[in-house]
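Presented below is the structure to which this report refers.
What's counted below: heavy atoms across the whole structure, side chains too, no hydrogens, waters or symmetry copies. We name chains A, B, ... by the order of the sequence lines, and we start the count at 1 in each one.
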Protein chains: 2
Amino acid sequence: MSRNEMTASYLKALGHPVRLMIARELIQGQKCVGEVESTLNIRQANASQHLSILKINGIVDCIRKGNLKCYFLKEPEKIEQLLDILERYQ
Amino acid sequence: MSRNEMTASYLKALGHPVRLMIARELIQGQKCVGEVESTLNIRQANASQHLSILKINGIVDCIRKGNLKCYFLKEPEKIEQLLDILERYQ
DNA sequence: TATGAATATGAAAATAATCTTATAAAAGGA
DNA sequence: TCCTTTTATAAGATTATTTTCATATTCATA
């Protein structure tokens with residue numbers, strides 16, 4: 001997979017409203033699947049699948065905490081910087 | 001369309017290998033459809049369609065020059081900054 | 001080890017994106 | 001006006017993504 005394809009895949013992973021919103025939520029701090037599910041008001045399976053796509057693309061990672069699985073941004077500053085650039089008006 | 005949806009749509013537009021490569025090419029300077037077509041080795045119709053998606057999302061704009069239609073990045077620095085962040089290794 | 005809570009996965013249906021071919025439209029020049 | 005070049009668009013086939021439901025898995029704890 002070329003660098004261009006890797007970058008495109010990363011952008012595509014973020015380029016879905018639910019996944020982008022998950023990333024925004026995770027800027028605030030880590031969340032378990034159930035919290036993502038209820039915050040975004042989506043089905044559990046769907047939350048899990050979107051998180052999986054973010055994980056595959058290196059955007060999030062997770063740790064198990066007992067019964068829960070907590071997802072967090074791997075590079076929170078990177079996400080913040082991207083959003084800053086994307087959403088500052090010029 | 002919410003800000004989140006707008007941003008997701010912008011990311012999605014860039015999140016295709018062909019369109020991302022077009023954006024990279026346009027950092028060098030404006031190109032007409034035929035140049036995009038031959039540089040990326042894709043069909044004319046496909047080049048036109050990808051450019052249209054970039055245009056709808058405010059990533060490129062174009063001017064007619066006689067027979068040709070020249071596409072260019074609307075915010076080249078924004079694209080450069082995004083690529084810098086996405087591809088600098090941390 | 002059985003149960004319950006949380007998460008992941010498989011499969012199917014619904015929807016959307018992509019690519020191709022054929023053709024239309026726009027503009028310049030003979 | 002007719003022809004040529006360039007670009008856009010329509011339509012269809014194909015492929016990919018998204019969502020849902022049902023079920024499996026994982027782990028803690030009774």
Side-chain angles (χ1 to χ4, degrees), chain A residues 1-2 4-23 25-26 29-74, chain B residues 1-2 4-23 25-26 29-74:
Chain A
M1 207 180 191
S2 70
N4 188 66
E5 286 169 328
M6 298 264 290
T7 303
S9 182
Y10 190 99
L11 288 167
K12 185 173 168 185
L14 277 182
H16 183 286
V18 167
R19 291 192 295 267
L20 183 60
M21 192 56 86
I22 291 174
E25 290 294 329
L26 296 186
Q30 57 177 31
K31 280 195 157 55
C32 70
V33 180
E35 287 175 313
V36 171
E37 176 190 351
S38 57
T39 304
L40 300 203
N41 196 29
I42 56 178
R43 312 265 167 172
Q44 180 275 319
N46 202 12
S48 182
Q49 286 158 342
H50 281 305
L51 286 165
S52 163
I53 289 168
L54 291 171
K55 187 152 182 279
I56 286 165
N57 283 277
I59 295 167
V60 305
D61 204 350
C62 62
I63 51 166
R64 181 169 282 282
K65 292 202 172 174
N67 222 4
L68 308 179
K69 236 167 152 182
C70 288
Y71 282 81
F72 56 89
L73 291 176
K74 283 184 82 172
Chain B
M1 207 180 192
S2 69
N4 188 66
E5 285 169 330
M6 298 265 290
T7 303
S9 182
Y10 190 99
L11 288 167
K12 185 173 168 184
L14 276 181
H16 183 287
V18 166
R19 291 192 294 266
L20 184 59
M21 192 57 86
I22 290 173
E25 291 293 329
L26 296 186
Q30 57 176 31
K31 281 194 156 55
C32 68
V33 180
E35 287 174 313
V36 170
E37 177 190 350
S38 58
T39 305
L40 300 202
N41 196 29
I42 56 179
R43 312 264 168 171
Q44 180 273 320
N46 202 13
S48 182
Q49 286 159 342
H50 281 305
L51 286 165
S52 163
I53 289 168
L54 291 171
K55 187 153 181 279
I56 286 166
N57 282 277
I59 295 166
V60 305
D61 203 350
C62 63
I63 51 166
R64 181 169 282 283
K65 291 202 175 175
N67 221 3
L68 309 179
K69 237 169 152 180
C70 289
Y71 282 82
F72 55 90
L73 292 176
K74 282 184 83 170

[X] [atom1] - [N] [atom2] separation (whole Å):
| X | N | atom1 | atom2 | value |
| --- | --- | --- | --- | --- |
| B:I22 | D:dT7 | CD1 | C1' | 14 Å |
| B:N41 | C:dT20 | CG | C1' | 15 Å |
| A:L40 | D:dT18 | CG | C1' | 15 Å |
| B:Q30 | D:dT7 | CD | P | 12 Å |
| B:L20 | C:dT18 | CG | P | 13 Å |
| B:L51 | D:dT9 | CG | P | 12 Å |
| B:R43 | C:dT20 | CZ | P | 5 Å |
| B:N67 | D:dA8 | CG | P | 12 Å |

Just so I know, are the side chains of [X] and [Y] near enough to count as touching, which here means a heavy-atom distance under 4.5 Å?
| X | Y | result |
| --- | --- | --- |
| B:I53 | B:H16 | no |
| B:C32 | B:K65 | no |
| A:K74 | A:I59 | no |
| B:N46 | B:H50 | yes |

Notebook entry, point to check: When you match B:R64 and A:V18 each to their closest nucleotide on DNA chain D, which lands nearer the 5' end?
Noted result: B:R64

Margin query: Both A:G66 and A:R19 contact DNA chain D. Taking the nearest nucleotide for each, which residue is further toward the 5' end?
Written below: A:R19

What nucleotide among [options] has an atom nearest to a side-chain atom of [X]?
| X | options | value |
| --- | --- | --- |
| A:C32 | D:dA8, C:dT7, C:dA5 | C:dT7 |
| B:N46 | C:dT20, D:dC21, D:dA8 | C:dT20 |
| A:V33 | C:dA8, D:dA8, D:dC27 | C:dA8 |
| B:L68 | C:dT9, C:dC19, D:dT6 | D:dT6 |
| B:H16 | D:dA8, C:dC19, C:dT9 | C:dC19 |

Note to self: When you measure only distances, ignoring hydrogens and angles, does the side chain of A:Q49 come within 3.5 Å of the base of D:dT20 through a donor and an acceptor?
What the structure shows: yes

Margin query: Taking donor-acceptor contacts at under 3.5 Å, does the side chain of A:Q44 reach the base of C:dA8?
Written below: yes

Checklist line | Distance-minimising heavy-atom pair for B:M1 and B:S9 | finding: CE-CB, 3.9 Å

Does the side chain of [X] get closer than 4.0 angstrom to OP1 or OP2 of [N] through an N or O atom?
| X | N | answer |
| --- | --- | --- |
| B:K69 | D:dA8 | yes |
| A:Y71 | C:dA6 | no |
| A:H50 | D:dT19 | yes |

Check: Counting N and O atoms only, with roles assigned by atom type, does the side chain of B:S38 sit under 3.5 Å from a partner on the main chain of B:G34, one being a donor and the other an acceptor?
Finding: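 Flag set: sc B:S38 to bb B:G34 pair under 3.5 Å.
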
Checklist line | Sugar-phosphate, base or nothing in reach of A:K55, heavy atoms under 4.0 Å | finding: nothing

Note to self: Please classify the nucleic acid contact of B:K65 as base, sugar-phosphate, or nothing, using heavy-atom distances under 4.0 Å.
What the structure shows: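 If one applies the 4.0 Å heavy-atom cut-off, B:K65 turns out to touch nothing in the nucleic acid.
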
